[in-house]
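Worksheet for the structure shown next.
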Protein chains: 2
Amino acid sequence: MSRASIKALTAQRTLAVAEQLVQTRGYNAFSYADIARALGVTTATLHYHFPTKAELGKQLINRYRTQFEGALIEIDAAYSEAREKLKRYVGLYAKVLHDGRMCLCGALAADAATLPKPMRSEIRHFFDTNEAWLSAVLADGRKSGDLHFEGPQRDAARYILDILEGAMLIARSNDDFSRFDRSTGRLLAEFMTA
Amino acid sequence: MSRASIKALTAQRTLAVAEQLVQTRGYNAFSYADIARALGVTTATLHYHFPTKAELGKQLINRYRTQFEGALIEIDAAYSEAREKLKRYVGLYAKVLHDGRMCLCGALAADAATLPKPMRSEIRHFFDTNEAWLSAVLADGRKSGDLHFEGPQRDAARYILDILEGAMLIARSNDDFSRFDRSTGRLLAEFMTA
DNA sequence: GTCTATAGGTGGATAGAC
DNA sequence: GTCTATCCACCTATAGAC
């Protein structure tokens with residue numbers, strides 16, 4: 001781990017709690033007081049590590065994207081077939097949902113209009129990362145005959161991301177996670193059928 | 001119009017402004033003060049018409065769903081082909097997006113965990129209405145050979161709704177409405193191809 | 001129906017002691 | 001690094017005059 005990413009224990013715990021709060025309640029529905037209560041510290045302590053909520057939010061997304069990129073690298077290392085990679089990719093989102101959470105950036109996207117610019121940029125970065133990885137998998141799958149779809153890979157990648165975020169959003173609000181599995185199952189079938 | 005739905009002018013204007021605020025900023029990012037400023041009245045006046053924010057929110061969704069049902073009835077009256085109905089249905093969402101807004105219930109779904117139960121019930125009601133209408137259109141389209149899809153109509157209907165909400169969410173957060181059009185275009189093509 | 005005035009609470013954020 | 005104490009802005013909501 002690089003020196004730049006070494007963080008004090010309280011800072012790490014703050015990020016973990018804040019992440020969970022954003023994913024379950026949304027950016028505008030959590031406060032420094034919520035985190036302080038969970039950690040057993042005061043809000044002044046939190047402001048020492050993260051001067052502003054905007055800064056905390058930015059680092060939150062950055063960390064989330066970095067961890068996500070790590071998971072994508074693991075998939076690339078463990079599987080060679082495009083359709084298997086796509087399945088595991090969907091599995092990443094399913095795991096988040098099963099943990100009772102919304103995708104961090106999906107949750108933040110809903111409040112995008114109220115967020116500071118740096119946070120909006122980080123959110124785009126996360127979506128761009130998804131799009132790039134998916135595009136590569138789709139290109140590979142199309143070439144090998146493993147996956148089937150019409151039009152540009154980029155558009156198909158965005159389509160997949162749209163479904164994942166939408167299915168999470170609706171499944172959570174309806175308290176029925178099986179809806180996510182049925183929708184993503186349909187999605188996978190669509191790309192795996194000639 | 002039934003007597004029960006007649007509302008004082010200020011109440012009507014309040015609902016219109018509040019709706020726009022929720023759709024653009026989210027439930028937890030707007031206040032009675034925002035509405036009061038827009039209408040040129042005091043917050044006390046708003047509380048006369050809507051005692052609590054929860055009550056305002058509930059009536060907001062109820063009104064939205066009622067208007068939406070009216071639009072669905074219009075579609076049914078104007079078109080007979082299932083694929084044409086489906087196109088117009090997607091057009092309803094496109095219109096909301098083009099107005100710079102998120103679907104009201106999609107926006108609220110993101111904050112669902114922080115909402116009072118009556119509001120959550122109204123949100124479900126909206127999604128159920130979508131699902132029921134779509135299921136009927138899909139059943140009809142499959143019967144006439146106008147639409148093509150695998151599995152239960154209900155699952156396909158939910159799949160469509162998931163994409164619409166997800167595509168809106170991402171398109172808005174990326175400030176690129178054309179993404180919505182490309183994803184929904186792909187969706188329509190999927191159901192119209194044998 | 002709308003106002004003034006205000007209560008009671010919580011929000012993010014800071015100064016300065018330890 | 002963490003604390004106590006505090007500021008000021010904003011929130012939802014209410015009482016009572018007009």
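Values reported hereafter were calculated over all heavy atoms of this structure, with side chains retained and with hydrogens, waters and symmetry mates removed. Proteins come first, then strands; the chains are lettered A, B, ... in the order of their sequence lines, and each starts at number 1.
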Identify whether Y48(B) and L15(B) are in the same connected component of the hydrophobic contact network (ILVMFWY, side-chain heavy atoms under 4.5 Å). no
Suppose we screen for side chain to side chain contact (heavy atoms under 4.5 Å, CB included). Which residues come up paired with R172(A), at least two apart in sequence or across chains? L97(A), M102(A), F177(A)
Which residue pairs pass the side chain to side chain donor-acceptor pair (under 3.5 Å) test when at least one of the two sits in residues 17-28 of chain B, sequence neighbours left out? E19(B)-R63(B), E19(B)-R101(B), Q23(B)-R101(B), N28(B)-T114(B)
What I'd like to find out is whether the side chain of T45(B) reaches to under 4.5 Å of the side chain of L39(B), using heavy atoms alone. no
Geometric cation-pi criterion, R142(B) with F149(B): 6.0 Å, 45°: yes
What residues form a salt bridge (charged side-chain N to carboxylate O under 4.0 Å, His left out) with E69(B), not counting sequence neighbours? R65(B)
So the contacted stretch of DNA chain C, first to last nucleotide with an atom under 4.0 Å from a non-hydrogen atom of chain B, runs from dG1(C) to dT4(C)
Positions of residues 37-56 of chain B (non-hydrogen atom under 4.0 Å from DNA chain C), listed by number: G40(B), V41(B), T42(B), A44(B), T45(B), Y48(B), H49(B)
List in chain and number order the residues that pass side chain to side chain contact (heavy atoms under 4.5 Å, CB included) with A18(A), two or more places apart in sequence or in another chain; answer none if no residue qualifies. F30(A), I35(A), L56(A), L60(A)
